[in-house]
Amino acid sequence: MSLAELGQILLYLAVLILCAKPLGSYMAAVYEGATPRAVRWLQPVERLLYRLAGIRSDEEMNWKRYALAMLYFHLVGFVFLYGLQRVQAHLPLNPTDMPAVSPDSSFNTSVSFVTNTNWQGYGGETTMSYFTQMAGLTVQNFVSAAGGMAILVALIRGFVRRQTTAIGNYWVDLTRSTLYILLPLSVILALVLVSQGVVQTLKPYAKATLLQPTSYEQPKVDATGNPIKDANCQSVTEKLTLNEQTIAVGPAASQIAIKQLGTNGGGFFNANSSHPFENPTPLSNFLQMLSILLIPADLCYTFGVMIKDTRQGWALLAAMYIVLLAGLALCLYSEYHRQSKLVDVGVPIAGQVDGNMEGKEVRFGTANSALWAVTTTAASNGSVNSMHDSYMPLGGLVPMVMMQLGEVIFGGVGSGLYGMLVFVLVTVFIAGLMVGRTPEYLGKKIEAFEMKMSSIAVLAPCICVLVGTAIAVMTVQVNASMSNPLPHGFSQVLYAFSSASNNNGSAFGGFGGNNVTMNLLLGLVMLMGRFWVKIPVLALAGSLAAKKYVPVSAGTLPTHTPLFVGLVISIVLIVGALTFVPALALGPIAEHVGLFAAAR
Amino acid sequence: MDDGRFNQDSSIPMPTGADATKSRPLFDAAIVTPAIWESFRKLNPRHQVRNPVMFVVCIGAAMTTLLWIQSLFGHGEAAPSFILSVSIWLWFTVLFANFAEAMAEGRGKAQAETLKRSRRSIIAKVILDEKYTSAKGKPSSSMSDGQVAPYNSLDLRKGMIVLVEAGEFIPLDGEVISGVASVDESAVTGESAPVIRESGGDRSAVTGGTRVLSDWLVIRITSNPGESFIDRMIALVEGAQRQKTPNEIALNILLAAMTIIFLVAVATLLPFSLFTVRNIGHGEVITVTVLVALLVCLIPTTIGGLLSAIGIAGMDRMIRANVIAMSGRAVEAAGDVDTLLLDKTGTITLGNRQATDFLPAPGVSTDELADAAQLASLADETPEGRSIVVLAKQKFAMRGRDVHELGGHFVPFTAQTRMSGVDLNGSQIRKGAADSIEKFVQAKGGVFAAAIRTMVESIARSGGTPLVVARDDKALGVVHLKDIVKGGIRERFAQLRQMGIKTIMITGDNPLTAASIAAEAGVDDFLAEATPEAKLKLIRENQAGGRLVAMCGDGTNDAPALAQADVAVAMNTGTQAAKEAGNMVDLDSNPTKLIEVVEIGKQLLITRGALTTFSIANDISKYFAIIPAAFIGTYPALGALNVMRLATPQSAILSAVIFIALIIVILIPLALRGVKYRPAKASALLTRNLGIYAVGGLIVPFFGIKLIDLFLVAMRLA
């Protein structure tokens, strides 16, 4: 790795920290009802929205009503998005005449965008009309992110408030998150991205005549999209010649800005942010990476401001940073050093001197690709600028583990921090006992109900990943579509379920993800991974808000110290990672030890 | 609260079971032997299901047993000897956990046995006709005249009326409806000095199993046999009524959640392994025996097995401190207490004021004053009087004399005169409060010196009590009486402050005196001129601020405050009302015990946290033992993870399982005794306990498993 690349990484990490305080305080002001001056001119819009929807913005909800409002909102969003895909052929803004999306793919995609996962079983430019992209997917990019932030704010209110059942108004939190935080930031980012060459147009796809016609063999597919195989189980191919190339364009910049800021990650194009129209320059790459972690990181500061103890926010941010850095270090080590080891022992890897460049874009290089891979999986973003499938075994293990930790290392906007707070409660429970008091966090006693809800929130994604993978590997369809030998093939399935269950959305690819079984199974784990965490977190918020405040004394466990940060990290690693060690042993770990044993 | 109401003397030998358990070694044969039998009896699934972690181990043990039987018929998934070894050690794990619980219960039972001895069946004299009790006099106790009938105490029922005479035992708890008697309650309290019980007022409650020493009592029985105070105490210490405490429930939920996570992680390994073997075309599918072994190693077996023992042992430590906690919940709450209400007298200061100085009036020598003061106090048996005699002896070598030998006549203190003294050789020596002595001197025609008034005021301001001494018409000077703050109490409060506990002194003194003593003792706050209402208000205020309040009390007027406090220790010398209102009873009736109670509560929680941490930290090493062993057949390269270089896959798995079983036994003493607790700040406690139990939990199993593996290989067992 060159000094310049190291410098870029350090610059990235520094800029991220520098943003925490200004944006963190801004968001705190938004949630505490004090609209910041910069966006005060939008207040009439906010009021108009409430009037149109018949919402009384001063009316607060208890946690059950809040949860019902949340579920109702996402159900409507799901139905709308599903319908949109099914009838897109008859809707405007469809210059390339996209047909209706298949029912299972529509289901999968709707769930995926409603749950802020943005798992894409489809290819954007070959499936979705402009209208579906804009009115369907982009809208969900905004509101699924705002939905996560609303839940976080409700939980923070649970800590702040005393002996009340009210944890806020879902509609207000949703509206304010979108209107005052996500929209302004997206507009700014979209404009900068356009300046870098990201496309933003409603014109139909461009056609270009090739200077040199190209012939290639393409596997034949049957009606359901599965490859046709002959008697020897080899794919049947047909020879095609190409004289003309279609260049897909569209309203990309506006969707990409929120895709990164809202930790959505669903690309406009199939190649996501490795596509030159989505991510053309090093600067656009830097800004997109920054927006991936921007809001999740800064919400830590917002949390600190709202509970009136910013040290607590910094402590959580520190815990996230440390795990991120450790993951990044392992990924870089693997992509550079382990890769060069392979070259040393004579594995034929042609002309790759700058780390493992397979599946990476030359304009980004290994370091910026690895940094993106780690940040996009640390946050539940899932957009990619390189193919994670092509990483070294340990390099690919890092993104997988980042997701398996429950997407709490930065995680999704809102959802990352509320997930982290659940882990903090578990940590406080164990550590608190060791100081001889029944545990408390931020002056709230952590009792049986909190442990029950925290346990459900921690358990749900873990179970989804493991059980989902187990069912998938037992199905014929998945076994048949496996394109890689073991153990890498197993890693691909495990990665897919880790990604979906934790609402990340990135993929190893490599096996047929777009079939009925996988679409339904992945859709199901996305739903469970999202709502089996959201609902217990809201229950936590309700129960915490109803509690009395226990004043802090010398006998209270301090939760802002380096020791506590270390403890939180340990608990996240132990609960999150130990669960997956046996499965990982059969995937990337076996691949790694096998690779180097063979090389030796 | 009145000064000196508490009985300070806790040095009296304890005939209760407490004493016996105190000196009992941890592994007493009398406890161990029944505990071993009990651990088998506890294999009953209905008992096991209450503990989710151990229930999973139990099912695992049963499954491997069935697999072993299957393997005997030649269809086994592995060698029968291997399956059998795993199965046996899983059963041992369950048995060891049962043993830990049985040991903890056994110690309580030993205490209960001694209590039970006081619950004997006796013949009670039941008064059949209530009209005989309406007469003020003692009813006839002759059985022949039909007024009373003999009843076995076990046949008595609530509401019956019995006559108990000198030398007889009171058959059951009751209320005195007529008569006055001195009663020996040492069987319950360990206090050998008899107490007076009489009808009406604060002293009408009598406890079954105690003995009337003099006179007689007519008692209305208030409890049926088996429901008395002693019965309840026995049930509590035996753990029969043991319910899980709130924190224990919360921890159980967390442990259950971890068990579920690992259950899923292990169960899904079977399809993963099937898939791998099918696609790779060689190797063996992981066996159910190995999966069960892996599961038991990963779930928090250590804390799961010891959890209930820790809780019971916490109650037991209270009992050894001679405090009976009415529930485990109260013991837990004690650890959380952040405000202590402490009575000044007996807790912060020695029982009584003591003379510390003689301040003579102008023109009077100190010797003269000391002599007069001593003479006035010779026959005064109050602690204050005695302290004057002692001070004169120490300061001026004046030996105590007998007033009657000197021909003097003692004048005792009365509420009217508010003076005491002696009439000797025609002169009247008096000591008393400044205003009464002033009246006395002026009545004799003398002048009360202004200098004395100044001295009186300055003593009062400093928190002391001035006592003026006069001989006839002359005021000789002032004796400075002072509350003596107990040695070491200041340091104790400093420790409490470090632990984040606020101390509030409660006293009937005026604010001036109270402030001075509070400053000297180093308490954080005080409540002067305390009334029961003021106390209740103070508790409510603190609780409204989110604090948990502990206090102790003994009188009926303390009952509302005791009921309001989160941790309320009732003195055993106190009234039934106080005991009912509190959630602990201190058999020694020692108010300082409150601090000890808090420490025991904290120790209980720390022990739970420490063993949970240890248990979770253990998991890391077990992965390194079992994962390579489980998959080496499929991916030989995974042998690189076998960092402990364990001999064979079988020995690796067996060593890990044996470690699990043995670590429970090794930790039983820790669970029963509790983690060592030193008062310190939370951050210091956390650093220390993490250093020991987290780091230890990470490292110890690596060595433990390796050693067991070496042993197994050396013995050719694997």
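Owing to the predicted nature of the structure, the values given are computational and were not obtained by experimental measurement. Residue numbers start from 1 in every chain, and the chains themselves are labelled A, B, ... in the order their sequence lines are given, proteins ahead of strands.
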Give the member of [options] that has the highest number of heavy-atom pairs under 4.5 Å with chain B.
{"options": "A:V550, A:I574, A:L578", "answer": "A:L578"}
{"options": "A:V467, A:T561, A:L459, A:I463", "answer": "A:L459"}
{"options": "A:S553, A:A554, A:G555, A:G432", "answer": "A:A554"}
{"options": "A:K548, A:H592, A:M474", "answer": "A:M474"}
{"options": "A:M434, A:R437, A:R162", "answer": "A:M434"}

Heavy-atom pair count under 4.5 Å with chain A, highest-scoring of [options]:
{"options": "B:A256, B:P628, B:P271", "answer": "B:P271"}
{"options": "B:V598, B:L274, B:L690, B:L641", "answer": "B:L690"}
{"options": "B:T634, B:L269, B:L270, B:T612", "answer": "B:L269"}
{"options": "B:I249, B:T613, B:L294", "answer": "B:T613"}
{"options": "B:A694, B:A682, B:G335", "answer": "B:A682"}
{"options": "B:I627, B:N689, B:L686", "answer": "B:L686"}

For [X], is it the side chain, the backbone, both or neither that has a heavy atom under 4.5 Å from a heavy atom of chain B?
{"X": "A:T469", "answer": "both"}
{"X": "A:L567", "answer": "side chain"}
{"X": "A:F490", "answer": "both"}
{"X": "A:T556", "answer": "backbone"}
{"X": "A:L563", "answer": "side chain"}
{"X": "A:K547", "answer": "neither"}

_The test is side chain to side chain contact (heavy atoms under 4.5 Å, CB included); show your working for B:L685 and B:Y677 and say whether it passes._
CA-CA 9 Å; B:L685 275 177; B:Y677 174 71; 3.9 Å; yes
*asked:* Using the side chain to side chain donor-acceptor pair (under 3.5 Å) definition, which of the options B:K676, B:R317, B:R673, B:R608 pairs with B:Q603?
replied: B:R317
*Got a second to check how far B:I626's CD1 is from B:N642's CG, nearest 0.5 Å?*
11.5 Å
Closest contact, heavy atoms only, [X] versus [Y]:
{"X": "A:V593", "Y": "B:A640", "value": "CG1-CB, 4.4 Å"}
{"X": "A:I589", "Y": "A:A585", "value": "CB-CA, 3.8 Å"}
{"X": "B:D338", "Y": "B:L548", "value": "OD1-N, 2.7 Å"}
{"X": "B:A265", "Y": "A:T579", "value": "CB-O, 3.4 Å"}

With a 4.5 angstrom heavy-atom cut-off, which part of [X] approaches chain A: side chain, backbone, both or neither?
{"X": "B:F272", "answer": "both"}
{"X": "B:R497", "answer": "backbone"}
{"X": "B:T687", "answer": "both"}

*Pick from B:L306, B:L307, B:V675: which one makes a side chain to side chain contact (heavy atoms under 4.5 Å, CB included) with B:L611?*
B:L306
_Please determine whether side chain to side chain donor-acceptor pair (under 3.5 Å) holds for the pair B:N247 and A:T438, giving the CA-CA distance in whole Å, both sets of side-chain angles, and the decisive distance to 0.1 Å._
CA-CA 7 Å; B:N247 175 262; A:T438 59; 5.7 Å; no
*Side-chain heavy atoms of B:V549 within contact of B:I504, under 4.5 Å*: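 No. Closest side-chain heavy atoms not under 4.5 Å.
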*asked:* Please check: side-chain N/O of B:Q543 versus main-chain N/O of B:Q564, any donor-acceptor pairing under 3.5 Å?
replied: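 Yes: the side chain of B:Q543 pairs with the backbone of B:Q564.
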*Sorted by first residue and then second, give each ring-ring contact (aromatic ring centres under 6.0 Å, His included) pair with at least one member in residues 443-488 of chain A; sequence neighbours left out.*
A:H488-A:F508
